[in-house]
Trainee: 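Okay, here's the structure, questions in a sec.
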2 protein chains.
Amino acid sequence: MTDTAIAPPQLTGEQREFLDQILDKWSLQVLDKLCERPRRFNELRRAIPVVTQKSLTATLRRLERNGMIERVVIGTRPVAVEYRISALGETLQDLIDALLGWASSNMDEVRQARGRFDDEAGEA
Amino acid sequence: MTDTAIAPPQLTGEQREFLDQILDKWSLQVLDKLCERPRRFNELRRAIPVVTQKSLTATLRRLERNGMIERVVIGTRPVAVEYRISALGETLQDLIDALLGWASSNMDEVRQARGRFDDEAGEA
DNA sequence: CCGTATCCCTAACGATACTG
DNA sequence: CAGTATCGTTAGGGATACGG
C-alpha cells in the first residue's frame, strides 16, 4: 500500500459480464456506425462486413438492453426501425474511437509478433 | 468530407479479429493485472475471480501470440514462469484503465436500463 | 422491411486426470 | 509449479425458411 490513490478497478463479475456484452465481435462495429448517425436495420447490415441477420439482431438487442442504443419504431408501412446511439453510448464514443485507432496503428506489430510466435511453435 | 482529418477507422476483418482476441472475457483482466506488475501463472489464477487453468492458459497463449504479453521461463526447479506486459501491451494500458473505469462509473445506469428493458419485455 | 424460428455445427468452457 | 490431454456440455453462429 504505497501510493495507490485511486481505487484499484477490481472488476465485479457484473461489470466483467457487461463489458463482455458491449465489446464482443459485432458490438464495437455497431456502436461505431451508430456513433456516426442513426441507421436502419438493413443499412447497418450492409455497413458491417458479413454479419448475419441473426447475429445483428442479437447484438442490437443486447446493446439496447444494456442501454447503449435506442430502438425507434417508425410506424410506416412496411414498418421501419431506426437504431441510434443513446446518451450512455455516446459517453463511450471516444474510447471506441481510440480503441479502433489503436488497433489500426499497431496491426503491423501484431502481425510480426504472430509470425515470431508461429515460427517458434513450428520449429519446436 | 468536412473535417475528418484522420482516416475513418473502417476495421478490416483482420483488425476485428485481433480486437476480438484481446478484448474477450479474460484478456482484459489479465492485461490489467499484468500492467500492475509481472505475475506467475498461479498468481494470475488467484487474482482473477474464477478462471480455470485451461481458459487462463488459452488466454495467455493468445495474448502472447498477439504480442501483448511476454512469457519468461525461469529455469528453477520446479519450473517457474513469469508473464509480463510487453511494450505493445503497455501502449494499451491507458485505454484498458479507461474502459474499466468507464464500466465502473456507469454500471448503475446500465442496471437501470436492463430493468426497463426486462420490464417492457415482461408486460408485452 | 424487420424481424423470429428452426436446424445444424463448431468453438468455447468446466471438470477432471495426468506429466515434466 | 505450470501446464497438457480428454471428455462432455453448452452457447454462439451460419443458413434457411417463414411471419407481421
Trainee: When you check the gap from the basic side-chain N to the acidic O, do B:R40 and B:E82 get nearer than 4.0 Å?
Mentor: no

Trainee: Does A:R40 have a side-chain nitrogen or oxygen under 4.0 Å from the phosphate oxygens OP1 or OP2 of C:dC1?
Mentor: no

Trainee: Check the distance between C:dC13's P and A:E17's CD and give it to me in whole angstrom.
Mentor: 15 Å

Trainee: To the nearest 10°, give me the bend of the helix from C:dC1-D:dG20 to C:dG20-D:dC1, comparing the axes of its five terminal pairs at either end.
Mentor: 50°

Trainee: Consider the side chain of A:V79, meaning its heavy atoms from C-beta on, and name the nucleotide among C:dG3, C:dC1, D:dC7 that approaches it most closely.
Mentor: C:dC1

Trainee: Distance from B:L60 atom CG to B:R65 atom CZ, nearest 0.5 Å?
Mentor: 15.0 Å

Trainee: Atom NZ of B:K54 and atom C1' of D:dG8: how far apart are they, to the nearest Å?
Mentor: 10 Å

Trainee: Nearest of D:dG13, C:dC1, C:dG20 to any side-chain atom of A:K25?
Mentor: D:dG13

Trainee: So does B:Y83 get a side-chain nitrogen or oxygen closer than 4.0 Å to the phosphate oxygens (OP1/OP2) of D:dG3?
Mentor: yes

Trainee: Rounded to the nearest Å, what distance is computed from the CG atom of residue B:D20 to the C1' atom of nucleotide D:dG13?
Mentor: 13 Å

Trainee: Per the side-chain hydrogen bond (donor to acceptor under 3.5 Å, both in side chains) rule, which among B:T59, B:T52, B:T57 passes with B:S55?
Mentor: B:T52

Trainee: Is B:R45 touching bases, backbone alone, or none of the nucleic acid, heavy atoms closer than 4.0 Å?
Mentor: nothing

Trainee: Nearest of D:dT4, C:dC2, C:dT4 to any side-chain atom of A:V81?
Mentor: C:dC2

Trainee: Report yes if a side-chain nitrogen or oxygen of A:S55 is closer than 4.0 Å to either non-bridging phosphate oxygen (OP1 or OP2) of D:dG14; otherwise report no.
Mentor: yes

Trainee: Would B:R62 pass as a cation-pi partner of B:W26, given that its NZ or CZ must be under 6.0 Å from the six-membered ring centre and within 45 degrees of the axis?
Mentor: no

Trainee: Heavy-atom nearest nucleotide on DNA chain C for B:Q53 versus B:R62: which residue maps closer to 5'?
Mentor: B:R62

Trainee: Separation of B:L56 atom CG from C:dG14 atom P, in whole Å?
Mentor: 11 Å

Trainee: So, does B:T52 get its side chain near the phosphate of C:dG14, meaning an N or O under 4.0 Å from OP1 or OP2?
Mentor: yes

Trainee: Can you check the A:Q21 CD to D:dA11 C1' distance for me, whole Å?
Mentor: 13 Å

Trainee: For B:R77, which contact category applies under a 4.0 Å heavy-atom criterion: base, sugar-phosphate, or nothing?
Mentor: nothing

Trainee: Working note: B:I85 + B:Q93, criterion side-chain contact (heavy atoms from CB on, under 4.5 Å); need CA distance, chi angles, decisive distance, verdict.
Mentor: CA-CA 9 Å; B:I85 198 82; B:Q93 181 166 7; over 6 Å; no

Trainee: Atom CD of B:E64 and atom P of D:dA2: how far apart are they, to the nearest Å?
Mentor: 15 Å

Trainee: Which sits closer to the 5' end of DNA chain C, A:R61 or B:W26, going by the nucleotide each is nearest to?
Mentor: A:R61

Trainee: Which nucleotide in the list C:dG14, C:dC2, D:dC1 gets nearest to the side chain of B:N42?
Mentor: D:dC1

Trainee: So how far is it from A:N106 CG to B:T91 OG1, rounded to the nearest 0.5 Å?
Mentor: 4.5 Å

Trainee: Nearest 0.5 Å, please: how far is CZ in A:R116 from CD in B:E64?
Mentor: 10.5 Å

Trainee: Assign each of B:E82 and A:P78 to its nearest nucleotide of DNA chain D by heavy atoms, then name whichever residue's nucleotide is nearer the 5' end.
Mentor: B:E82

Trainee: Looking at the side chain of A:F41, which of C:dC2, C:dC13, D:dA2 is the nearest nucleotide?
Mentor: C:dC2

Trainee: Angle class for the A:F41/A:Y83 ring planes (parallel below 30°, perpendicular above 60°, tilted otherwise)?
Mentor: tilted

Trainee: Is there a side-chain contact between A:R39 and the phosphate of C:dC1, meaning an N or O under 4.0 Å from OP1 or OP2?
Mentor: no

